[in-house]
Amino acid sequence: MPRTLVTGGAGFLGSHLCEFLLNKGHQVIAMDNLLTGTIANIEHLQCENFKFIKYDVTEYIYIAGEIDYVLHFASPASPLDYLQLPIQTLKVGALGTHKALGLALSKKATFLLASTSEVYGDPLIHPQHEDYWGHVNPVGPRGVYDEAKRFAEALTMAYHRYHGVNTKIVRIFNTYGPRMRPNDGRAIPTFIPQALKNEPITVFGDGAQTRSFCYVADLVEGIYRLLMSDINDPVNIGNPDEMTIREMAEQVVRLTQSRSKIIYKDLPVDDPKVRQPDISKAKRLLRWEPEVDLEQGLRYTIDWFKTQRLSY
Ligand code: UDP
């Protein structure tokens, strides 16, 4: 039975990953300092093959016994979170990645880094393929996240090349689904509660900026295939179905049958104007592509938010 550590295991993606790995027959250790994650995300996973450790992975990580896989998912991951937690974001991307890689080295484990489309910044190439080096403002407010993840990628490749660690880097594009923290500043977990309460939907800028949203179950399947592959270079995982943020707001209003009106607020600094993954590499090498269409995924997500009404 493989034994796997998931840092950030109580977060949105981390908790879905833990669940997926348990179903694949892994013993799973979730590690999280609960800064942005929550026990509620993993309560239903309690079983003899699952263990939760509350811990800050920027400190030295000690785990007794063998570990086969280390998946480093700990990080604030919404623009609001990393604006409010800039130092923690830099620390977990830099020091946390170093500790997680050190653990993987000492345990001879396979390591997977959760990287992000933010490494491409406000891209000048569209759609974004893995060979694009990006267009990042290092000193802007988003720089703490973008540069931490770029450093994390560099450190991961260094551990691969210098220490021979079997490393993987997934560049995750916008993902949504149940367990996103309501009102965490991201578009979908902000729009859905607003729509369910018939409050104004806050679109930033004129809403013409684009994103491409992937349902979480598709993302986790892609990550698992990458983990089991022999690929060491970065791979984009996301859904290439691109839309404007205004269209997303309209879609949420329609699916919730809400009376909400759209209002327009200032665009955050360095908000990328376009984003769409080129997933030809994942298709070719992992035989992966997303299967859940936006309307279905949004319906699952809206249904989950309806069960969380007391929390927003
Ligand atoms: N956005 C918005 N209203 C909100 C929250 C976000 O219009 O209440 C916009 C945001 O400016 C961005 C897009 O939605 O252009 C996606 O934002 P999100 O935070 O979900 O992801 P990211 O910016 O990291 O792609």
Can you tell me how far the CG atom of Leu22 sits from the CG atom of Leu17, to the nearest 0.5 Å?
10.0 Å

Ile231 and side-chain contact (heavy atoms from CB on, under 4.5 Å): which partner among Leu285, Thr167, Ile169?
Leu285

Side chain of Lys107, backbone of Ile63: donor and acceptor closer than 3.5 Å?
yes

Which heavy-atom pair separates Pro79 from Arg142 by the least distance, and what is that distance?
CG-NH2, 4.1 Å

Neighbour count >12 (heavy atoms, 6.0 Å) for atom NZ, Lys261:
no

Closest contact, heavy atoms only, Ile279 versus Glu289:
CD1-CB, 4.3 Å

Report yes if the side chains of Ser75 and Tyr82 come closer than 4.5 Å at any heavy-atom pair, otherwise no.
no

Could you see if Leu90 belongs to whatever hydrophobic cluster contains Leu113? Use Ile, Leu, Val, Met, Phe, Trp, Tyr and a side-chain cutoff under 4.5 Å.
no

Considering only heavy atoms from C-beta outward, does the side chain of Ser212 approach that of Asp241 to under 4.5 Å?
no

Please report the shortest heavy-atom distance between Ile245 and Arg211, naming the atom on each side.
CD1-CG, 3.8 Å

Partner of Glu118 under salt bridge (Lys or Arg N to Asp or Glu O under 4.0 Å), picked from Lys149, Arg275, Arg171, Arg150, is Arg275

Please say yes or no: joined through hydrophobic side-chain contacts below 4.5 Å, possibly via intermediate residues, are Ile172 and Leu294 part of one cluster?
yes

Ignoring hydrogens and geometry, is there a side-chain-to-backbone donor-acceptor pair from Arg246 to Val203 under 3.5 Å?
no

N/O donor-acceptor pair under 3.5 Å between Ser78 side chain and Asp184 backbone:
yes

Any chance CD of Glu291 has more than 12 other-residue heavy atoms, nucleotides or ligands included, within less than 6.0 Å?
no

Give a yes or no on whether the backbone of Val292 and the side-chain of Asp218 come within a donor-acceptor separation of less than 3.5 Å.
yes

For Pro2, is there any backbone N or O sitting under 3.5 Å from a side-chain donor or acceptor partner on Asp68?
no

Are there over 12 heavy-atom neighbours, none belonging to Asp266, within less than 6.0 Å of that residue's CG?
no

From CD (Glu59) to CG (Asn33), nearest 0.5 Å
10.0 Å

I want to know whether His16 and Phe20 have ring centres closer than 6.0 Å.
no

Answer yes if Val6 and Ile29 sit in the same cluster of Ile, Leu, Val, Met, Phe, Trp and Tyr residues linked by side chain heavy atoms under 4.5 Å apart, and no otherwise.
no

Grouping I, L, V, M, F, W and Y whenever their side-chain heavy atoms are under 4.5 Å apart, do Ile67 and Val57 come out in a common cluster?
yes

What I'd like to find out is whether the side chain of Val170 reaches to under 4.5 Å of the side chain of Val235, using heavy atoms alone.
no

Please report the interatomic distance OH(Tyr264) to CD1(Ile201), rounded to the nearest 0.5 Å.
11.0 Å

Distance-only polar pair, side chains of Ser260 and Gln194, donor-acceptor under 3.5 Å:
no

I'd like to know whether Met31 forms a side chain to side chain contact (heavy atoms under 4.5 Å, CB included) with Ile61, so could you lay out the CA-CA distance, the side-chain angles of the two residues, the decisive distance to 0.1 Å, and finally the verdict.
CA-CA 10 Å; Met31 193 171 264; Ile61 306 170; 3.8 Å; yes

For a side chain to side chain contact (heavy atoms under 4.5 Å, CB included) check, start with the C-alpha distance between Thr7 and Tyr55, then their side-chain angles and the critical distance, and finish with the verdict.
CA-CA 9 Å; Thr7 76; Tyr55 193 71; over 6 Å; no

For the side chain of Gln209 and the backbone of Phe204, is there at least one donor-acceptor N/O pair under 3.5 Å apart?
yes

Just wondering, do Gln128 and Ser117 contact through their side chains at under 4.5 Å, heavy atoms?
no

With salt bridge (charged side-chain N to carboxylate O under 4.0 Å, His left out) as the test, would you mind laying out the steps for Asp81 and Arg181 before giving the verdict?
CA-CA 11 Å; Asp81 284 342; Arg181 207 170 77 240; 2.8 Å; yes

As an exercise, state the distance from OH of Tyr145 to OG1 of Thr89, rounded to the nearest 0.5 Å.
8.5 Å

Met228 side chain reached by Tyr69 side chain, heavy atoms, under 4.5 Å
yes

With a 4.5 Å cut-off on side-chain heavy atoms, are Ile192 and Met180 touching?
no

Counting only heavy atoms not in Arg309, do more than 12 fall under 6.0 Å of its CZ?
yes

Minimal non-hydrogen separation, Gly238 against Phe173, with atom names
CA-CB, 4.1 Å

What about Leu85 and Val269, same hydrophobic cluster or not, with Ile/Leu/Val/Met/Phe/Trp/Tyr joined at side-chain heavy-atom distances under 4.5 Å?
no

Nearest 0.5 Å, please: how far is NE2 in His126 from NZ in Lys273?
12.5 Å

Once you round to the nearest 0.5 Å, how far does OH of Tyr300 lie from OH of Tyr176?
10.0 Å

Can you check whether Asp293's main-chain N or O pairs, donor with acceptor, with Gln296's side chain at less than 3.5 Å?
no

Pro141 and Asp270 have their tightest heavy-atom pair at CD-OD2, 4.2 Å

Applying side chain to side chain contact (heavy atoms under 4.5 Å, CB included) to Leu286 and Ile237, what does each step give before you reach the verdict?
CA-CA 10 Å; Leu286 304 176; Ile237 299 284; 4.1 Å; yes

Side chain to side chain contact (heavy atoms under 4.5 Å, CB included) assessment of Leu105 paired with Phe111:
CA-CA 9 Å; Leu105 174 64; Phe111 175 88; over 6 Å; no

Compare all side-chain heavy atoms of Lys54 with those of Leu34 and state whether any distance is below 4.5 angstrom.
yes

Any donor-acceptor pair under 3.5 Å linking the side chain of Lys281 with the backbone of Pro234?
yes

Minimum heavy-atom separation for Val216 and Thr175, please, with both atom names.
CA-CG2, 3.7 Å

Which atom pairs, one a donor and one an acceptor, fall under 3.5 Å between side chains of residues 93-103 and the rest of the protein, sequence neighbours left out?
{"unit_1": "Thr97", "atom_1": "OG1", "unit_2": "His72", "atom_2": "NE2", "d": "3.2"}
{"unit_1": "Thr97", "atom_1": "OG1", "unit_2": "Gly93", "atom_2": "O", "d": "2.5"}
{"unit_1": "His98", "atom_1": "NE2", "unit_2": "Tyr159", "atom_2": "OH", "d": "3.3"}

May I ask you to check whether over 12 heavy atoms, not counting those of Glu66, lie within 6.0 Å of atom CD?
no

Is it true that, when you exclude His129 itself, more than 12 heavy atoms of the residues, nucleotides or ligands shown sit nearer than 6.0 Å to its NE2?
yes

Can a donor-acceptor pair be found, under 3.5 Å and without considering hydrogens, that links the side chain of His160 to the backbone of Asn166?
no

Hey, are Gln251 and Arg254 close enough side-chain-wise for a donor-acceptor pair under 3.5 Å?
yes

Return a table of donor-acceptor pairs under 3.5 angstrom between the side chains of residues 40-51 and protein atoms on other chains or two or more places apart.
{"unit_1": "Asn41", "atom_1": "ND2", "unit_2": "Ala10", "atom_2": "O", "d": "2.8"}
{"unit_1": "His44", "atom_1": "NE2", "unit_2": "Glu19", "atom_2": "OE1", "d": "2.9"}
{"unit_1": "His44", "atom_1": "NE2", "unit_2": "Arg179", "atom_2": "NH2", "d": "3.2"}

4.5 Å side-chain heavy-atom contact, Asn236 and Tyr120:
yes

